[in-house]
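Following: one structure in structure tokens, then a few remarks.
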Amino acid sequence: MALEHDYPLRKLRKNLENLLLNVQTDFFPNSSVPPSLEISPNRAFCDLFSTISFQIAKMKSKNKKEYKRQAMMIADLFVKELSAKKIPLIEKIENKNGYINFFIDYTKFSGDVIKSIISLNEKYGHFDLGRNKNVIIEHTSPNPIHPIHIGTARNSVLGDALSRLFRFVGYNVKTRMYVDDMGRQVAYLAYGISKLPLEPYGKKDHWIGMVYSCVATISEILKYETELMDIKKRLLEFLNQLDESLLNEKEIPNTKLIKTLKKISRNLKRYPTINWIEKVEIIFNILKDLLAKNQINRISTALKEKLIGFFDFLKEANKKINNARSWFKVHAELRERWPLIFNHLRKKIADLRTLENEVSSLMIKYENGDPEVKKLFRKICNDALEGFLETLNRVSITFDGFDWESDLVWDGKVKVIINRLKNAGWIIYDEETGVPILDIRRALQEVPEVREIFDLSLEKISQIIKANDLDSLPPNLVLMRKDGTTLYTTRDIAYAIEKISRFKADLVLNVIGADQTLPQKQLRSALVLAGFPDYAKKIIHVAYELVQLPSAKISARRGRFIAFDEILDEAEEKAYEFVATLPNKAEEEKLKIAKAVAVGAVRYALLSSAPTRPMIFDWDRVLNLESNSGPFLQYSYARAVSILRKAEFKLPQDADFSTLIEDIEKEIILRLSLFPDAIESAVRQMRPDIIVEYANKLAIAFNSFYQRFPVLRAKTTELRNARLLLVEAFRITLRNALSLLGIPILERM
RNA sequence: GGGCCCGUAGCUCAGCAUGGAUAGAGCGACGGCCUUCUAAGCCGUAGGUCGCGGGUUCAAAUCCCGCCGGGCCCGCCA
């Protein structure tokens with residue numbers, strides 16, 4: 001088991017920190033600041049430095065001038081005191097502008113680093129952070145209504161990298177996928193599939209995605225058709241009223257509006273089939289202009305009120321019309337893409353009310369475990385799941401298990417949690433419908449743990465309540481629909497408890513989009529209120545920002561997404577094109593390389609930026625095979641292996657590492673020694689991108705070395721041996737980093 | 001309206017938690033390097049008001065306040 005003292009840099013740092021502290025307590029006993037020691041941003045300055053001199057000077061000086069002098073003096077003192085001792089692994093110490101700069105003695109340090117890496121091998125970078133601790137990592141959990149797309153893929157790759165990281169530092173990790181089979185959307189899908197006489201074709205999850213998009217779009221279209229009819233009816237009513245008002249008006253202002261209104265009103269009455277939709281916008285704009293310029297002051301209050309009422313109506317109508325237009329566009333798109341499915345469904349689904357009723361009825365039946373419906377839903381979700389696993393298998397993502405939402409409902413676990421909340425007195429009931437609602441707003445006033453979850457102080461809350469500005473408080477959580485079926489977040493509360501109790505989890509990572517921050521907070525609040533405050537603390541929402549398409553938002557309902565399979569296909573194709581140009585490779589190997597490179601490229605692209613950063617999908621980025629990419633790392637690894645292979649993998653037992661005097665060699669060694677730091681940082685912050693960054697910098701340094709200095713033909717045998725071991729240490733470290741990221745490792749490229 | 005995330009080179013991103021030296025990579029542009037361990041590479045050049053404005057500090061990309069821009073959330077959706 002690798003502990004801290006196995007890592008030379010950490011050992012050195014600890015030692016230096018102690019020595020700094022000794023000097024500090026000897027000479028500045030009243031200074032309470034901890035000694036700082038950092039890695040230099042630039043090896044031109046030094047390797048490590050401390051700014052303790054500034055901290056102490058701050059306390060001792062009154063003005064700027066004195067401060068500078070103090071800092072210099074203190075730094076001098078530190079340098080003098082420390083230089084007097086013989087510090088292992090330190091070549092020299094100097095004061096530069098008040099910084100205490102340390103220079104590593106690479107003649108010794110290099111050997112320590114390289115040898116420790118080679119002896120630890122696949123354990124290099126390992127920590128004993130998570131011994132005997134269980135972590136549940138829930139990730140991917142896709143809605144079973146569409147294939148895994150680029151958005152879900154960020155989740156999968158992130159969750160998978162986190163599980164590799166946590167395993168690496170000693171946690172007992174179980175990955176779970178939550179199968180969200182109880183959503184209303186699944187019911188829409190089920191309804192669509194039950195109406196389709198067609199045999200599924202293609203990959204099952206892709207087929208499901210097509211059907212769902214069609215059903216969802218048809219349902220939207222039906223909704224908007226009725227809404228538009230309603231708008232038209234109300235438009236005519238308004239115009240009629242206006243006609244009368246205008247007739248009665250003494251001082252009719254001779255405006256464009258009145259004329260236009262009259263004309264439109266006349267036309268609509270005369271020709272009911274005229275394209276009235278466009279008129280709405282015209283009238284709206286004229287009216288907006290008038291109201292803005294306050295040109296209606298002279299007319300009667302009654303008419304003015306009518307006009308304002310009309311304006312509000314038009315504003316709403318306009319919004320709806322724009323939405324409707326966008327759905328009509330989607331409608332046309334889908335009809336063109338999948339005419340067979342779409343037209344079938346369009347014929348079968350003619351009435352919105354029937355659709356809604358049927359869908360609701362399916363949901364109730366499924367929730368109650370109706371055998372027929374159960375069979376249908378489970379079949380669909382299993383098909384989807386099968387497709388997901390096939391896709392994820394391409395990028396080597398697997399799960400330790402699957403949890404079906406419906407099981408939580410059928411087992412009564414959801415009911416249990418609702419009852420607990422009720423018995424604890426935290427449920428209120430909607431006056432009209434009687435649906436149960438979790439009273440988070442009262443909890444905010446009474447329960448400190450809930451305030452903490454929402455990062456709100458009691459003062460702030462009282463202030464909001466006093467101002468009667470309740471809308472700016474976090475909202476209460478509706479737990480059930482009025483038809484008695486459960487809601488997603490409610491079921492998720494039961495699942496959270498399940499994860500902790502069934503798996504004895506010490507920590508639960510929920511890898512879920514940042515758009516679900518509020519429900520995740522509500523969930524944790526519910527745990528507190530149900531009497532599980534310790535559970536709430538164990539649950540961490542690993543939030544990542546969603547992936548956006550360059551053109552529009554990802555929307556499964558609109559069939560607008562880029563399937564992960566498609567991305568992998570493209571990446572493979574591009575990689576193959578490249579590999580095809582390489583000499584001396586069998587077809588089989590070419591294919592193998594293309595696949596691995598594609599996975600490397602895609603995983604790298606999805607992991608390379610911090611999860612909190614919004615990502616806009618970019619083909620060039622995902623298909624990047626050059627620098628700053630997965631393939632670049634894979635290539636660097638293959639190059640290192642290539643050297644070792646030429647040496648027939650015969651490595652010397654030891655070497656004279658003081659022969660490694662080149663700057664780039666020292667840089668590589670320092671970088672290698674920083675790997676444990678990168679791991680620790682990545683785990684603590686739950687950010688695999690830190691490993692990506694690390695690996696990239698390391699590989700850049702290695703490639704620079706590779707290009708400039710021969711290993712096998714080094715000038716002396718001693719140098720050759722030292723470099724061979726350096727290459728081996730690099731290979732091990734990069735391999736460990738790549739396996740944490742799930743980027744495939746290739747011996748040859 | 002309230003809340004969360006993001007804003008750093010033409011583009012994609014590190015650096016911000018814990019303030020520290022000359023703000024780093026890659027892509028793209030330009031100029032070089034394959035008879036030498038794999039050129040998916042390397043070397044060099046150009047490119048920055050760290051969104052804006054205040055404040056704290058010896059020191060601010062980093063901390064605080066206020067704006068601006070982009071995204072998301074505030075559903076009996078998930």
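Per chain, numbering begins at 1; letters A, B, ... match sequence-line order. Predicted, not measured: the structure shown is a model, and the values here were computed from it.
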Per-nucleotide pairing state of RNA chain B [Watson-Crick or G-U, under 3.5 Å; [ ] pseudoknot-crossing; | other strand]: (((((((..((((......[...)))).(((((.......))))).....(((((..]....))))))))))))....
From CA spacing to verdict: side-chain contact (heavy atoms from CB on, under 4.5 Å), N624(A), F632(A): CA-CA 9 Å; N624(A) 181 18; F632(A) 171 66; over 6 Å; no
Among [options], which nucleotide has an atom closest to any side-chain atom of [X]?
X: E693(A); options: rG26(B), rU22(B), rA14(B); result: rA14(B)
X: R687(A); options: rG15(B), rC37(B), rC42(B); result: rG15(B)
X: R613(A); options: rC13(B), rC5(B), rA59(B); result: rC13(B)
X: N628(A); options: rA25(B), rG3(B), rG20(B); result: rA25(B)

Let me know the distance between [atom1] of [X] and [atom2] of [N], rounded to the nearest Å.
X: N703(A); N: rG41(B); atom1: CG; atom2: C1'; value: 6 Å
X: I52(A); N: rU18(B); atom1: CD1; atom2: P; value: 17 Å
X: K646(A); N: rC37(B); atom1: NZ; atom2: P; value: 6 Å

Between [X] and [Y]: side-chain donor-acceptor atoms closer than 3.5 Å:
X: R708(A); Y: S704(A); value: yes
X: R621(A); Y: S629(A); value: no
X: S472(A); Y: D469(A); value: yes
X: S555(A); Y: R560(A); value: no
X: E356(A); Y: Y188(A); value: yes
X: N357(A); Y: S360(A); value: no
X: S609(A); Y: D689(A); value: no

Other residues, nucleotides, ligands: >12 heavy atoms within 6.0 Å of N42(A) CG: yes
Atom NZ of K592(A) with >12 non-hydrogen neighbours under 6.0 angstrom: no
For [X] and [N], is the shortest distance between a side-chain N/O and OP1 or OP2 below 4.0 Å?
X: S472(A); N: rG1(B); result: no
X: Y635(A); N: rA40(B); result: yes
X: S627(A); N: rG41(B); result: yes
X: R708(A); N: rC37(B); result: no

Ring centres under 6.0 angstrom apart (F49(A), F102(A)): no
Separation of the P atoms in rG7(B) and rA17(B), to the nearest angstrom: 14 Å
Pairwise P distance, rG47(B) and rG55(B) [rounded to whole Å]: 31 Å
Y99(A) over rG20(B), stacked by centroid distance under 5.5 Å, angle under 30°: no
Ring centroids of Y706(A) and rG41(B) base under 5.5 Å with planes under 30°: no
Polar pair under 3.5 Å, donor/acceptor by atom type, side chain N101(A), base rA21(B): yes
Set out, line by line, the N/O atom pairs under 3.5 Å between protein and nucleotides 67-77 of chain B.
from    : atom 1 : to      : atom 2 : distance (Å)
rG71(B) : O2'    : Q548(A) : NE2    : 3.4
rC76(B) : O2     : K482(A) : N      : 2.6
rC76(B) : N4     : T433(A) : OG1    : 2.4
rC77(B) : OP2    : R481(A) : NE     : 2.5
rC77(B) : OP2    : R481(A) : NH2    : 3.1
rC77(B) : O3'    : R481(A) : NH2    : 3.4

Provide a list of protein-nucleic acid N or O atom pairs under 3.5 angstrom, restricted to nucleotides 28-36 of chain B.
from    : atom 1 : to      : atom 2 : distance (Å)
rU36(B) : O2'    : R713(A) : NH1    : 2.9

Torsion-based syn/anti label for rC34(B), 90° from 0 as limit: syn
Heavy-atom closest contact (R748(A) atom, R645(A) atom, distance): CG-NH2, 3.2 Å
